[in-house]
Amino acid sequence: MSLLSRLFGKKEIIRKREGNPDVYNLPSENERMNWAMEKARLTLHYFKECLENPKDTQQYFSIKARIEDKTKTEHIWLMDPSFDNKGNIYGTIGNAPIDVKNVTINEKIGITFEDVSDWMIIEDGRLIGGYTIRAIRDGLTGSALQNLDDSLGGMIVDEGEDYFLPNHDTPEGAILALEEAYDNDDIEKVLSYKHFDKEAEFMLKKTVEIEIDEDLITKTSEVLKLSFIQNIKENGMPKFKGLKRAFKRQMVSDKHYIITEICRYPDGGTSIQKLNTYKVGNQWKVLGLED
C-alpha cells in the first residue's frame, strides 16, 4: 500500500470504501483543522524551496489540495508536485476521490495557492509539515491513535519543525525574527519586535488592584524596557541558531495569541516556552513569557 493510500485524509466519522483504505475527515469547522490548513499555507514557501533543492535526507514530497465539485468539497493528496513560475501548483491525484466526481485517480491537475490545505515531506523518517495529519492525531487516543500510527508505516511524528517567515506578519514569525535578532546581537531589531507598553498593560492587569491609566502604563513600560536592556548587557543575548522549532497557538483574541514554542536541540533535548504575542496595528509583537 502506498504512503498516500495510508495517509488519504481523516474524518472523525470513519467511512469505508471498496478496495481502498478507510478515510477520516475532521469537520471543516474544527479549530485544529482550520489552523492546520492555515499553517500549511503560511509555510508553503519552505516546501517549495525543498522541492526545488531537496536535501539528501528528504525522501518524499506531497501536497494536499482542496477540490470543489459544485456543492461538494474534498481534500486530496497529490503525488509528484511541482510549481510553475507563476506560483501555480501541479500534481497527480493520489487516491480515488469519494465526494467529488470532477477528478479521478492518477489525473494530473493544477491548483492555486488558495487551494492548498497541507503539504508534507519525509526527512530522515520524520514527518515535516503534515499539519492536517497532526490535527487528526491530536484528537485521537487509545486504540484509534495506535491504529493511525500503525498506518503511518513507522514514520516518526514528533513536534516537527515549522518554517514561518521571520517577520511581523504572524505571531510565530515575530518570535522567529526576534530570535534571529538575538543571534545577530542586533539590539535595535530586538527592540523593534518587542512592545513594552502592551507588556506593561498585561502585567499591571494581572498584578495590581488599583485603577490603571495611561501614565501608569507608560512608566511601567519604561521600567520594563530598561530592565530588559540591562539584563542583555549583563548576560548577553540568548542564542537560537541551530535549534529546530515548532509552534502551537492558543487564541485569546484576534489580536492576542499565546504561542507555545518547542525547541529541539542538536543533542536531542527539548525546551518549551510560552510567549504572549499581540498585534499592534498590522504588526505582531512579542511580549513577555506567559506564566
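The chain is numbered in sequence order, starting from 1.
- Counting all heavy atoms, side chain and backbone alike, Gly130 lies closest to Asp118 at C-OD2, 3.3 Å.
- For the pair Asp69 (side chain) and Lys101 (backbone), a donor-acceptor distance under 3.5 Å is present.
- Every residue two or more places apart in sequence or in another chain that forms a ring-ring contact (aromatic ring centres under 6.0 Å, His included) with Trp119 is listed here: Phe47, Tyr131.
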Worked check of side chain to side chain contact (heavy atoms under 4.5 Å, CB included) between Lys39 and Arg134:
CA-CA 12 Å; Lys39 199 174 188 181; Arg134 298 177 190 276; over 6 Å; no
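- Taking the side chain as every heavy atom from C-beta outward, Thr132 and Met33 approach each other to under 4.5 Å.
- Checked against ring-ring contact (aromatic ring centres under 6.0 Å, His included), Phe202 has the following partners two or more places apart in sequence or in another chain: His256, Tyr278.
- The CG atom of Leu127 sits 10.5 Å away from atom CD1 of Ile156, with the distance rounded to the nearest 0.5 Å.
- Hydrophobic clustering places Tyr193 together with Phe247 (ILVMFWY residues linked when any side-chain heavy atoms are closer than 4.5 Å, directly or through intermediates).
- Linking ILVMFWY side-chain heavy atoms closer than 4.5 Å, directly or via other members, places Leu165 and Tyr182 in two distinct hydrophobic clusters.
- With Lys86 contributing its side chain and Phe83 its backbone, the two residues share no donor-acceptor pair below 3.5 Å.
- The two residues Leu145 and Arg137 have their closest heavy-atom pair at CD1-CG, 3.5 Å.
- Within a 6.0 Å sphere centred on CD of Glu52, other residues, nucleotides and ligands contribute more than 12 heavy atoms.
- The line from CG of Asp183 to CE of Met237 is 10.0 Å long, rounded to the nearest 0.5 Å.
- Put simply, OG on Ser271 and CZ on Arg264 are 11.5 Å apart, with the number rounded to the nearest 0.5 Å.
- In this structure, the side chains of Glu172 and Thr277 stay at 4.5 Å or more apart for every pair of heavy atoms.
- Side chains of Thr218 and Asp215: a donor-acceptor N/O pair is absent below 3.5 angstrom, by distance only.
- Chaining together hydrophobic side chains whose heavy atoms lie under 4.5 Å apart places Ile262 alongside Ile272.
- Looking at heavy atoms from C-beta onward, Val223 lies out of side-chain contact with Leu226 at the 4.5 angstrom threshold.
- The shortest heavy-atom contact between His45 and Tyr163 is NE2-O, 2.6 Å.
- Between Asp149 and Leu152, some side-chain heavy-atom pair lies under the 4.5 Å cut-off.
- Smallest separation of non-hydrogen atoms from Pro266 and Gly242: CG-O, 4.2 Å.
- Closest non-hydrogen pair, Ser82 versus Leu51, comes out as CA-CD2, 4.0 Å.
- A salt bridge does not link Glu180 with Arg245: none of the charged nitrogens is closer than 4.0 Å to a carboxylate oxygen.
- For His195, the ring-ring contact (aromatic ring centres under 6.0 Å, His included) criterion is met by no residue, not counting sequence neighbours.
- Judged purely by distance below 3.5 Å, without hydrogens or angles, the side chains of Gln146 and Asp150 pair a donor atom with an acceptor atom.
- For the residue pair Ala181 and Lys189, the shortest heavy atom distance occurs at CB-CB, 3.9 Å.
- Side-chain contact between Thr92 and Leu78: absent, with no pair of heavy atoms (C-beta onward) separated by less than 4.5 Å.
- Scored by the side chain to side chain donor-acceptor pair (under 3.5 Å) test, Asn88 finds Asp84 as partners (sequence neighbours excluded).
- By the 4.0 Å N-to-carboxylate-O rule, Lys244 lies too far from Glu159 to be salt-bridged with it.
- Judged as a side-chain hydrogen bond (donor to acceptor under 3.5 Å, both in side chains), the pairs with a partner in residues 226-238 (not counting sequence neighbours) are, in order, Gln230-Glu234, Asn231-Asn235.
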